Undergrad: 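Can you read through this structure? Questions will come right after.
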Amino acid sequence: HRERSEVLIRDSTNVALHVLVIGSGGREHALAWALAKSAKVAKVFVAPGNGGTAAAGGKIENVAIGHGKGDFAALVGFAQTQNVGLVVPGPEQPLVDGIADEFRKVGIPTFGPSAKAARVEGSKAFSKDFMKKHGIATAAYGNFTNYEQARAFIESASFDVVIKASGLAAGKGVLIPKTKSEALDALKSVMVDREFGSAGDEVVIEELLVGQEISVLTLSDGYTVTSFPAAQDHKRAYDNDEGPNTGGMGAYAPAPVATPELLKTIHETVLQPSIDGMRRDGFPFVGCLFTGFMLTADGPKVLEYNCRFGDPETEVVLPLLDDSCDLAEVFLAAAEGRLDAVPLCFKDGYAATVVMASEGYPGAYPKGRAITFEQPPENTQVFHAGTKGDGGAVVTSGGRVLTVTGVSDSLQGALDRAYSCVNTVKFEGGFYRSDIGFRAIEYLHKAAERKQGLSYADAGVDIDAGNRLVDLIKPIVKATRRSGTDSDIGGFGGVFDLKATGYKDPVLVSATDGVGTKLKIAHEMEIHDTVGIDLVAMQVNDIIVQGAEPLFFLDYYACGHLDVEATRDFVKGVADGCLQSGCALIGGETAEMPGLYAKGDYDVAGFAVGAVERSEILPRVDEIQAGDVLVGLASSGIHSNGFSLVRKVVAHAGLDFHSPCPWAAGKSVGEALLTPTRIYVKPLLPLVHGRLVKGMAHITGGGFTDNVPRVLPKRVCAEIDASAWELPAVFKWIKQAGSIAADEMARTFNCGIGMVMVVAKADVDTVLKALAASGEQAYVVGQLKAASGAEQGTATVSNTSDW
């Protein structure tokens with residue numbers, strides 16, 4: 001076999017090589033550009049190519065043949081008539097459909113895997129099972145073709161999940177939900193609603209891995225493995241890793257985080273075992289194996305295989321090839337089974353690529369906009385992706401229009417050159433990220449500092465910042481002092497003197513809660529004080545429901561990077577909530593956990609304790625009876641429940657949190673949604689002490705139908721009349737924009753009523769007047785009736801037709 005290959009290459013060196021590159025993107029332009037540098041190559045055909053390959057001139061020439069399965073015969077025929085000696089397919093779909101097999105049948109060397117080998121990308125389920133069989137580290141997972149079984153897997157999972165359509169979905173079939181509820185919605189969209197068509201007939205549900213991602217492009221002839229420098233790309237559309245996922249908005253290589261030691265581990269534990277495993281399983285891999293890794297605390301784990309060059313990774317690694325390296329010779333050697341005889345060499349330095357995209361991408365985008373090019377700076381290259389020729393001009397024809405690459409001795413230099421080149425290209429509505437490489441630059445700065453000696457700050461924890469925060473919040477916390485505590489912080493534990501409050505026979509009532517995914521809106525809007533109020537409200541409203549007075553509160557704030565100002569604003573909100581409810585903020589914990597939380601993200605939790613005289617504990621179940629009246633207190637808005645659904649509705653409506661608010665003039669959507677939860681403690685305590693309330697229900701997650709029954713004895717049921725108050729504008733908009741059924745609204749949101757009280761009929765007027773005097777808007781919203789059978793202890797909502 002080896003001797004026959006050597007004869008073929010000796011013959012091939014005596015003739016000018018014709019190469020056929022298949023595809024039309026930036027990857028294919030970069031491949032054609034690199035192959036055309038070879039002295040052995042006379043012509044590089046690109047089918048069908050793009051505006052860049054059409055205008056390249058020299059050896060590069062477009063061919064008006066597509067690459068769908070129906071085009072394979074025409075492509076093979078063209079290759080035969082043009083004496084093509086090497087075929088390089090670019091996109092994954094023709095490889096999965098078997099294009100490499102068609103060329104090999106007629107004896108044309110092809111750098112690309114067979115259809116069998118391409119299954120490592122064509123079926124994520126197949127790929128995960130392959131990794132498991134060969135002991136290749138990857139995330140815990142399950143493969144499912146049955147929707148109910150997949151749903152049960154998510155509900156029982158003890159980890160956050162990623163949901164992947166197993167088939168090819170044009171790079172869009174990976175969903176990363178933030179909550180279990182979002183995960184179930186995502187699963188339904190893939191398997192039931194068929195968002196990705198037949199690609200979602202089977203799904204892979206796997207553990208969400210946390211860490212930095214790198215991509216490694218590996219060339220193989222089925223035996224030998226040789227890799228390009230590891231790259232890192234940026235998937236999110238906008239700066240600071242915000243916005244929707246894309247095919248990639250930029251990349252850089254070598255990735256500084258991919259140390260020589262790490263790459264050695266990856267080669268020995270993943271890349272060589274993968275190629276060996278494929279060969280032993282009967283489908284040797286010839287071509288470029290793209291492997292995505294997550295660098296976890298437990299070592300590198302495989303996220304996915306792709307059966308071809310990545311995009312934009314190709315545009316960033318090919319310019320790093322050393323001038324002595326002949327890419328055509330390397331590809332031909334791989335196709336002929338002798339890759340070990342040809343070196344793959346690289347320059348010392350860095351490359352950085354910036355993607356220029358059409359406005360609207362990754363959604364709908366305009367086409368046909370003229371592109372103007374000025375003279376590019378030295379050591380830069382503009383690769384065309386979504387372009388086409390139009391009467392001598394070049395116009396946009398895709399979402400990702402151009403990939404602009406700079407090369408330099410340093411990463412910062414490469415980035416500067418790439419952005420300098422970006423400024424020489426213009427087209428209407430074009431946009432690009434201005435922060436490509438920010439992770440790597442930060443990593444390099446920290447690496448330089450580590451050379452001077454390690455500190456806790458090198459691990460991402462800033463003790464000095466924590467001390468500054470304590471100094472800033474001490475006066476804020478001090479303002480919440482009350483009888484029983486002076487609200488000094490800084491000790492090991494918060495102290496509260498229960499005796500000083502004057503209770504005679506007290507029972508303590510505690511509550512703990514968080515704010516939920518409403519925090520995602522606070523993160524994006526950079527408004528942090530209102531969620532502090534929310535945190536307190538969720539607990540003190542639960543405590544007053546038991547008839548108890550909130551006494552003290554402790555907060556917990558966890559983040560990846562301590563932003564002192566943002567944390568101070570949050571604590572100020574907590575203190576405001578404590579003042580509104582009459583409880584003292586006596587302590588808390590701020591945990592900075594780099595690697596567990598992304599930069600800019602944080603989560604919060606709280607713990608509150610209240611007291612009530614034993615004789616005043618609510619609900620007084622023995623006194624609750626048929627004929628009692630339900631009095632509702634108006635909410636301030638959505639409060640802090642249901643935001644996973646709210647965020648989905650906002651996205652479904654084509655809005656973001658910075659859009660003008662449809663229901664509140666003069667505000668953005670995010671500002672309106674961050675209206676804090678109403679705190680009911682002070683208006684309700686006098687009614688509790690006067691024994692004018694028999695029971696209360698805080699309307700949180702579960703709405704009316706789940707929360708009101710929690711205070712009812714089995715002998716009664718609650719009937720709530722939705723016509724007794726007007727549905728607030730925010731809920732009307734959510735219902736309409738999301739096409740949400742009325743009963744779903746009633747069991748998800750508070751719908752304008754944040755607290756429901758059970759009041760004796762004779763006391764209703766007194767209660768309403770007292771609440772009005774306290775500034776509360778209250779309504780008679782229903783009554784209790786005698787119940788039997790299935791009605792016992794339930795709540796129903798009627799007259800929702802006007803909603």
Side-chain angles (χ1 to χ4, degrees), residues 26 170-172 174-178 182 212-213 215 231-252 255 310-313 315-316 352-366 369 385-386 396 398-406 411 415-416 418-423 425-443 517 519-528 560-561 563 566 597-602 647-661 668-671 673-674:
K172 300 176 181 177
V174 178
L175 305 177
I176 307 177
K178 300 296 185 183
E182 286 185 15
Q212 288 209 52
E213 289 186 43
S215 303
Q232 287 188 294
D233 74 343
H234 295 257
K235 290 296 187 187
R236 296 285 184 175
Y238 311 130
D239 284 3
N240 302 313
D241 284 340
E242 296 180 352
N245 270 329
T246 69
M249 292 299 293
Y252 50 90
D311 193 343
E313 291 87 354
E315 294 94 303
V316 81
T353 291
V354 178
V355 171
M356 301 183 72
S358 295
E359 63 177 320
Y361 177 76
Y365 49 83
R369 291 182 170 175
T396 64
R400 291 189 294 173
V401 178
L402 303 165
T403 53
V404 181
T405 299
L411 178 56
L415 290 164
D416 291 344
Y419 280 112
S420 177
C421 189
V422 164
N423 291 330
V425 182
K426 300 287 187 297
F427 58 92
E428 182 185 352
F431 76 96
Y432 57 88
R433 282 186 59 159
S434 64
D435 65 346
I436 299 302
F438 74 89
R439 291 190 204 90
I441 295 298
E442 183 179 350
Y443 178 88
T517 59
L519 286 175
K520 296 292 289 184
I521 305 174
H523 296 165
E524 181 161 337
M525 299 301 297
E526 297 185 352
I527 299 173
H528 310 289
H561 169 73
D563 183 327
Y597 292 93
K599 186 176 181 180
D601 285 354
Y602 61 84
R647 291 186 298 115
K648 194 170 186 69
V649 171
V650 169
H652 180 73
L655 302 178
D656 60 36
F657 298 124
H658 298 279
S659 302
C661 182
S668 67
V669 171
E671 289 169 336
L673 290 175
L674 287 173

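Source: prediction; values computed, not measured.
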Undergrad: Between Gly437 and Leu415, which heavy-atom pair has the shortest distance, and what is it?
TA: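 Where Gly437 meets Leu415 most closely, the heavy atoms are CA-CD1, 4.3 Å.
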Undergrad: Checking the side chain of Lys235 only, and the main-chain atoms of Met249 only, is there a donor and an acceptor separated by less than 3.5 Å?
TA: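 Looks like no, no N/O pair under 3.5 Å.
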Undergrad: If only atom types and distance count, is the side chain of Tyr443 paired as donor or acceptor with the main-chain N or O of Ala255 below 3.5 Å?
TA: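 Not at all, since once roles are kept as given, no pair shorter than 3.5 Å links the two residues.
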Undergrad: Kindly indicate whether the side chain of Pro366, heavy atoms from C-beta on, has any atom under 4.5 Å from the side chain of Glu428.
TA: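 No - every pair of side-chain heavy atoms lies 4.5 Å or more apart.
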Undergrad: Specify the closest pair of heavy atoms between Pro312 and Val355, including all atoms of both residues, with the distance to one decimal.
TA: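 Smallest interatomic distance, heavy atoms only, reads CB-CG2, 4.2 Å.
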Undergrad: Between Ala231 and Val316, what is the shortest heavy-atom contact and its length?
TA: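 For Ala231 and Val316, the tightest heavy-atom pair comes out as CB-CG1, 4.2 Å.
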Undergrad: Measuring from atom CD of Glu315 to atom CG of Asp233, what distance do you get when rounded to the nearest 0.5 angstrom?
TA: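 One gets 11.0 Å once the value is rounded to the nearest 0.5 Å.
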Undergrad: Would one find more than 12 heavy atoms of other residues, nucleotides or ligands at under 6.0 Å from atom CD of Glu526?
TA: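 No, not enclosed.
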Undergrad: Would you check, one step at a time, whether the test salt bridge (Lys or Arg N to Asp or Glu O under 4.0 Å) holds for Glu359 with Arg369?
TA: CA-CA 11 Å; Glu359 63 177 320; Arg369 291 182 170 175; 2.3 Å; yes
Undergrad: For Asp435 and Asp239, indicate whether the former's side chain and the latter's backbone hold a donor-acceptor pair under 3.5 Å.
TA: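 Looks like no, no N/O pair under 3.5 Å.
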Undergrad: When you check the side-chain N and O atoms of Ser420 and Asn423, is any donor under 3.5 Å from an acceptor?
TA: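 No.
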Undergrad: Return the orientation label for the His234 and Phe438 ring planes: parallel under 30°, perpendicular over 60°, tilted otherwise.
TA: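 Answer is tilted, since the angle falls between 30° and 60°.
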Undergrad: To the closest 0.5 Å, what do you measure between OH (Tyr238) and CG (Asp656)?
TA: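 If I round to the nearest 0.5 Å, the distance is 8.0 Å.
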Undergrad: CZ of Arg439 to CD of Gln232: how many Å apart, nearest 0.5 Å?
TA: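 Answer for the CZ-CD pair, Arg439 versus Gln232, is 6.5 Å.
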Undergrad: What I'd like to find out is whether the side chain of Asp241 reaches to under 4.5 Å of the side chain of Arg433, using heavy atoms alone.
TA: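 They are in contact (side-chain heavy atoms under 4.5 Å apart), so the answer is yes.
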Undergrad: Can you measure from CD1 (Ile521) to CG (Leu673) and round to the nearest 0.5 angstrom?
TA: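 Reported value, rounded in 0.5 Å steps: 4.5 Å.
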Undergrad: To the closest 0.5 Å, what do you measure between OG1 (Thr403) and CE (Met356)?
TA: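 Those atoms lie 11.0 Å apart.
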Undergrad: Looking at every non-hydrogen atom in both residues, tell me the closest pair between Tyr365 and Ser358 and how far apart they are.
TA: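 The pair with the smallest heavy-atom distance is CB-CB, 3.8 Å.
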Undergrad: Between Glu242 and Arg236, is there a donor-acceptor pair closer than 3.5 Å when you use the side chain of the first and the backbone of the second?
TA: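 Side chain of Glu242 to backbone of Arg236: no pair is present.
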Undergrad: Where do Ala418 and Thr405 come nearest, in terms of heavy atoms and distance?
TA: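 Shortest heavy-atom separation between Ala418 and Thr405 comes out as CB-C, 4.3 Å.
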Undergrad: Give a yes or no on whether the backbone of Gly250 and the side-chain of Thr353 come within a donor-acceptor separation of less than 3.5 Å.
TA: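 Flag not set: sc Thr353 to bb Gly250 has no pair under 3.5 Å.
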Undergrad: Taking the side chain as C-beta and beyond, is there a heavy-atom pair between His523 and Phe657 under 4.5 Å?
TA: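 No - every pair of side-chain heavy atoms lies 4.5 Å or more apart.
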Undergrad: Please round to the nearest 0.5 Å and tell me the distance separating atom CD of Glu182 and atom CZ of Arg647.
TA: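 Going from the CD atom of Glu182 to the CZ atom of Arg647 covers 4.5 Å.
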Undergrad: Can you find a heavy atom in the side chain of Val669 that is under 4.5 Å from one in the side chain of His658?
TA: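 Side chain of Val669 against side chain of His658, heavy atoms only: no contact under 4.5 Å found.
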Undergrad: Taking the side chain as C-beta and beyond, is there a heavy-atom pair between Glu671 and Met525 under 4.5 Å?
TA: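 Yes, close enough: below the 4.5 Å cut-off.
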Undergrad: Are Thr246 and Arg400 side-chain neighbours, meaning at least one heavy-atom pair lies under 4.5 Å?
TA: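 No; the side chains remain at least 4.5 Å from each other.
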Undergrad: Considering all heavy atoms of both residues, which atom of Tyr252 and which atom of Ala440 are nearest to each other, and what is their separation?
TA: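 Distance-wise, the nearest heavy atoms are CE1-CB, 3.3 Å.
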Undergrad: Can you tell if the side chain of Val425 reaches within under 4.5 Å of the side chain of Val401, non-hydrogen atoms only?
TA: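 When only atoms from C-beta onward are counted, Val401 and Val425 do not touch, as no gap falls below 4.5 Å.
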Undergrad: Quick one: do Leu402 and Tyr432 satisfy side chain to side chain contact (heavy atoms under 4.5 Å, CB included)? Show the steps, please.
TA: CA-CA 10 Å; Leu402 303 165; Tyr432 57 88; over 6 Å; no
